[in-house]
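Values below: every heavy atom of this structure, side chains too, minus hydrogens, waters and symmetry copies.
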2 protein chains.
Amino acid sequence: MDAMQKRSSTIQDVARRAGVGVGTVSRVLNDHPNVTQATREQVLRVIADLGYRPKSAAVTLRTRQTREIGLITDEIATTPFAFDLIRGAQDEAWAHQSILVLINTSGNLDLLNAALDQMYDRQVRGVLYAAMFHQPVNLPERFRELPAVLVDCYSEDRSLPSVVPNEIQGGQDAVATLLQHGHRRIGFINYTTDQPAVVGRLEGYRRALAAAGVAYDPTLVRQADIAPEAVYRTTIQLMQQPDRPTALFCFNDRTAMWAYDALRDLALRVPEEVAVIGFDNQELLAANLRPPLTTMQLPHYEMGRWAVHHLIAGNPQPSPTAPQVQLDCPLVWRASV
Amino acid sequence: MDAMQKRSSTIQDVARRAGVGVGTVSRVLNDHPNVTQATREQVLRVIADLGYRPKSAAVTLRTRQTREIGLITDEIATTPFAFDLIRGAQDEAWAHQSILVLINTSGNLDLLNAALDQMYDRQVRGVLYAAMFHQPVNLPERFRELPAVLVDCYSEDRSLPSVVPNEIQGGQDAVATLLQHGHRRIGFINYTTDQPAVVGRLEGYRRALAAAGVAYDPTLVRQADIAPEAVYRTTIQLMQQPDRPTALFCFNDRTAMWAYDALRDLALRVPEEVAVIGFDNQELLAANLRPPLTTMQLPHYEMGRWAVHHLIAGNPQPSPTAPQVQLDCPLVWRASV
DNA sequence: CTGTTAGCGCCTTCAA
DNA sequence: TTGAAGGCGCTAACAG
């Protein structure tokens, strides 16, 4: 390894070759105005010749700041969302000449603390903490000791800035879409917990109905575990009741997938006889179902961007008034409505 | 931001408080033997009191080495595999007190070069380059200037070490499983390109047949685009031919998903009337299909681990003899066989 | 406008 | 076994 690491040139080398002082080189490096055009060009030429690049370790040591942003994830692993979030964060970080440093904690508190240690040691500009799904979280106090933004989660006490999906808007727009297509009896297969997505999407459902002057019918709203049989059975029940729904709003794309199964067994065609709309926009599922599923997209990419932007531009401080931003879930049009 | 960054303590602070020289502190920090037990404990106590942690920038500047590993990905974005690979890499890196620095290039060459610049500047221990799917790649020469390992891809000239899935073994084991369950006429819905996965899995198919003394019947092997209709049609054709196959080996889980559709329309039950085995083990699909899909798992986690391990322990040098490792694809048993 | 100098925080000789 | 001193590569303050 050492063999190949030909000692790269330093600012001294550049200064010498260019016949100037290191201070001057440093100035052109940092776009300081006090350099004549001539010397600047001269220095730039030598830099190019030598292929010189400043060592970030030296810069950090001197300036006490890095161009790194920590991304700590909590077992976000199994979902394809993770990478969208990472991409969004990276794209924004890159726009600020910064780079992502990644740690997945697997939901392990010791690892989380170790991750924070790392972030300190490296003097990152700040830290993102991303959860696997929209939820409240309880983070160690130490999180308040450096700039931090929560993604797809929020601290119980609301003292840290966070960005999450707008579940209500998502639910409302989904149902409004169904309404616009003439549906009046809209079934809703929700999930059983009380997580924000469940509560928010239901609220959106009600608001859309209310806005359209359609009465809320509790027999149309069911809760089912996210499991094949549970959803299958619920769908069958829903569709076999008198005055059956003509459209289905599903808690997420997996739910919709199993509802598809039930509808097929019921010989009900999508979308001709029953319209279906999902949530999440898990490409792998939604785009590959038959017919392709119309669904609401979770704004992971945008949340990643927002979080990094806020970290860099928002100078986030822990405080009771930390912003809690909700990003819209846009409709992704396919063929199930 | 500055407000919260209470200047953390330095090695000097520790030395002063402990009544020793900085050299001594440095020694206990680095487990140097020449420190008496007494002073070591004394220093350790002060370190704990102060919550002192060495700044990595200073260490790097001095030692010229970091504890960072670069991970450059090529638009690996859309697949859920990405995170498994990242997790594997991180877990192994962590075991070596190292951390991942991530850059996604979106297949953009300029970004790739910029990424390499970053890696140089940061003096990372080495770099992983991961592709979206198993394929040959052509990387810039600069890749040869620092320790690098390719993941899920390999350089055309084989000069860089790489780790990829063992497609042949995967195909062979998949088909062998079917054979063991008594199937003799096994359909294979392959993909149309000539990428390693396509070629390798076919080879595996043939080997399994040969090993079982079953003649290779070309009418059972089809190539279909990875698109719903193409697979659907192919499946129908395959199953309607005289002496139809009793089992189906699908190029990947998405292919299997659409084959399911065709089989259902043909009123053929899985696995009672037709056994199906997929490839990739995309949890989101495989586990959620009805019945859940038996499939071969792509070893992304393991490839990530192997790559980092080799980077750190293998002292990789670009050379014509760089190792090209293939990792097995284990069978994931569900309910479709 | 430019060169020189003093550290940033740490590790590593070199003496003691 | 330990302390002191030098320097890693860079920026910023200070003269000039």
Side-chain angles (χ1 to χ4, degrees), chain A residues 2 5-44 46-47 50-68 97 117-118 120-124, chain B residues 2 5-44 46-47 50-68 97 117-118 120-124:
Chain A
D2 315 300
Q5 302 282 37
K6 53 178 180 216
R7 160 111 99 284
S8 53
S9 42
T10 75
I11 200 172
Q12 303 265 15
D13 302 329
V14 176
R16 200 171 317 125
R17 286 261 298 233
V20 300
V22 292
T24 301
V25 178
S26 177
R27 268 168 229 129
V28 345
L29 245 23
N30 298 291
D31 289 317
H32 190 96
N34 286 357
V35 186
T36 51
Q37 186 60 13
T39 43
R40 178 184 304 281
E41 281 170 5
Q42 159 70 350
V43 170
L44 251 17
V46 175
I47 287 179
L50 258 38
Y52 166 77
R53 316 206 87 238
K55 252 91 188 143
S56 60
V59 176
T60 298
L61 181 57
R62 183 59 237 232
T63 63
R64 293 152 177 280
Q65 31 180 341
T66 56
R67 296 196 161 281
E68 300 178 2
Q97 289 81 254
D117 285 343
Q118 287 293 330
Y120 277 108
D121 300 351
R122 316 193 100 79
Q123 298 166 284
V124 298
Chain B
D2 316 299
Q5 302 284 38
K6 52 179 179 211
R7 160 110 98 286
S8 52
S9 41
T10 75
I11 200 173
Q12 303 265 15
D13 301 330
V14 176
R16 200 171 316 125
R17 286 260 297 234
V20 300
V22 292
T24 301
V25 178
S26 177
R27 270 168 226 128
V28 345
L29 246 22
N30 297 292
D31 289 318
H32 190 96
N34 286 357
V35 186
T36 51
Q37 186 60 14
T39 43
R40 179 185 302 281
E41 281 170 6
Q42 159 70 351
V43 169
L44 250 18
V46 174
I47 286 179
L50 258 39
Y52 165 78
R53 316 205 87 237
K55 251 91 187 145
S56 61
V59 175
T60 298
L61 181 57
R62 182 57 237 235
T63 64
R64 294 155 179 279
Q65 24 180 342
T66 57
R67 295 195 162 282
E68 301 179 2
Q97 289 82 254
D117 285 344
Q118 287 293 329
Y120 278 107
D121 301 351
R122 312 192 111 74
Q123 298 166 281
V124 298

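Here chain B contacts DNA chain C (any atom closer than 4.0 Å to a heavy atom, that is under 4.0 Å), and the contacts span C:dG9 to C:dT13 from 5' to 3'. Contact footprint of chain B on DNA chain D: nucleotides with an atom under 4.0 Å from a non-hydrogen protein atom, first to last in 5' to 3' order, D:dT1 to D:dG9.
Here the straight-line distance linking atom CD of A:Q42 with atom CD1 of A:I47 works out to 10.5 Å at 0.5 Å rounding. Taking CG of B:L61 as the start and NZ of A:K55 as the end, the distance is 10.0 Å to the nearest 0.5 Å. From A:R122, atom CZ reaches atom CZ of B:R67 across 9.5 Å, with rounding to the nearest 0.5 Å. Rounded to the nearest 0.5 angstrom, A:T39 OG1 and A:L44 CG are separated by 10.0 Å. With rounding to the nearest 0.5 angstrom, the CZ atom of B:R16 is 12.0 Å from the CD1 atom of B:I11. Distance check: A:S56 OG to B:Q118 CD gives 8.0 Å after rounding to the nearest 0.5 Å.
Using a 4.5 Å heavy-atom cutoff, the side chains of A:Y52 and A:L29 are in contact.
No donor-acceptor distance shorter than 3.5 angstrom exists from the side chain of A:T60 to the backbone of A:T66, with no hydrogens or angles considered. Remark: side-chain polar atoms of B:T63 are paired, donor with acceptor, to backbone N or O of B:V59 under 3.5 angstrom.
For the pair A:V35 and A:R27, the tightest heavy-atom approach, listed with the atom from each and the gap, is CG2-CB, 3.6 Å.
Counting non-hydrogen atoms under 4.0 angstrom, B:T39 reaches the backbone sugars and phosphates but no base.
Proximity of residues 23-35 of chain A to DNA chain C (heavy atom under 4.0 angstrom from any strand atom) is restricted to A:G23, A:T24, A:R27, A:N34, A:V35.
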